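Counting starts at 1 for both ligands and their atoms, in listed order. Values in this document were obtained by computation on a predicted structure and should not be read as measured data. One is the number of the first residue; the rest follow in order along the sequence.
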Amino acid sequence: MPILVQKFGGTSVANAEKIKRAAQRAIRAQQQGNQVVVVASARGQQTDELIADAKEVNPNPPKREMDMLLSTGEQQTVSLLAMAVEGMGHKAVSFTGAQVRMMTDDSYTRARIKSIDGSVIKKKLNEGYIVFVAGFQGMDDEGNITTLGRGGSDTSAVALAAALGASFCEIYTDVDGIYTADPRIFKNAVKMKQISYDEILELASLGAGVMHSRSIEFGKKYNVTIHVRSSMNENEGTYITHEVPQMEGILVSGATVQKELTKITMNGVDNKPGISARIFEHLAADKVIVNDIIQTEISTEKANVSFTVSKSDMLTARETIEKIRGQVHCDTVFVREDIAEVSVVGVGMRSHYGVANIMFKALADLKINIEAITTSEIRISCLVDIKEAMKAYEAVCNAFELDKTVEKRKQPK
Ligand code: ASP
Ligand code: MG
């Protein structure tokens, strides 16, 4: 019998009615001939509430204790789900992450899964149970409870699917699937039928809050197709899979806009070995997360280095740069606050020319200045002034016809 893993996010189990609906869905999947494993998140906003509780007794709580506390949210959900299923006359059992030996490293609050022992779950599945597993948590080698980072239940689910040899993982959430653009900004965004792991990873790194990134890495590595869909209806959602040939015919799958960014430029640093290493070593030591980096030489002696950081890291980054600018003989530092990054992502750009041009022209037509450009194999990003960000984003979405389903777009040359 095939094994199906279903994951229910916090909004899909927020109250008794929704828990019962999730329970029914699991039962139906079992009746359709699957062995069913369900991973669940904490109900509603419970994780946030638990964090607030912790801060009330200690503004700086030990991370180990945070994990002890936060893991209880998911434990409540799975026991309630199992009770609901039993109440409907079917066999169900719930487990914590530790009970199914979801082994992680010991980095509390952001642990990484090392291994999962599927035997406990398989035994129960073979006895006809629907098995519920608390998401977001595991255990280190010493038996301490760990959590996987916010949004980590996605990763629990896909990792479990991989460990159990399941080829599908359904992610039930409060949206219909993954959209070509942020529908709050670009109203005509449409749901994608499918998207590749690489594209989703790229979109996630651009701040599109779709899925926990580690879950996509697991899916890609272990060949688990992830189906993101609504818990409120029966509609097909979006399939996240390996790249298939049809995807090549799509120039751009999705677009994002990231605000809250600052660009820092160091003009005229020494153009010789070790300079960038020195700059970024100091930024790393000060725990500044750097997004895009651009370096170009402007003469045989001098180079310009610029990079973007999130606004919250701006002050630290500036201090770091002030500390070391003398060492690298930087002439001037230019800080550009209030910048936004508009990006498009698509595997089709590997094999088509003119993609960047479509984007640049859309911005040029609106007389929007591009402050910097960065690219990867499947991404193009433009920095623009924050005041023009929304206009720029919409123009780019329209230029790539992200308001249309793939079949209705003009065929790329
Ligand atoms: N409950 C956790 C959170 O809110 C994990 C999850 O929902 O995936 O981040
Ligand atoms: Mg989530």
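Taking a cut-off of under 4.0 Å to the non-hydrogen atoms of S153, the atoms of ligand 1 that pass are 5 (C), 6 (C), 8 (O). Ligand 1 places these atoms under 4.0 Å from at least one heavy atom of R150: 3 (C), 4 (O), 9 (O). Taking every non-hydrogen atom of S41 and a distance limit under 4.0 Å, the qualifying atoms of ligand 1 come out as 6 (C), 7 (O), 8 (O). For ligand 1, the atoms sitting less than 4.0 Å from at least one non-hydrogen atom of G151 are 3 (C), 5 (C), 6 (C), 8 (O), 9 (O), numbered in the order shown with element in parentheses.
Salt bridge annotation for K220-E243: absent, with no cationic side-chain nitrogen under 4.0 angstrom from a carboxylate oxygen. Taking 4.0 Å as the cut-off between side-chain N and carboxylate O, D313 and K287 do not count as a salt-bridged pair.
For the side chain to side chain donor-acceptor pair (under 3.5 Å) test, no residue two or more places apart in sequence or in another chain qualifies with Q194.
Contact analysis leaves G135 out of contact with ligand 1, as no non-hydrogen atom separation drops below 4.0 angstrom.
Using modelled atom types, one finds a donor on one side chain and an acceptor on the other under 3.5 Å when comparing S376 with E202.
Neither the backbone nor the side chain of Q46 has a heavy atom within less than 4.0 Å of ligand 1.
Figure legend: K191 and Y179 shown without cation-pi pairing, the cationic atom not lying both under 6.0 angstrom from the six-membered ring centre and within 45 degrees of its axis.
No side-chain donor-acceptor contact under 3.5 Å links E394 to the backbone of K391.
Of the polar atoms of D154, none of the N or O atoms is found under 3.5 Å from an N or O of ligand 1, judged by distance alone.
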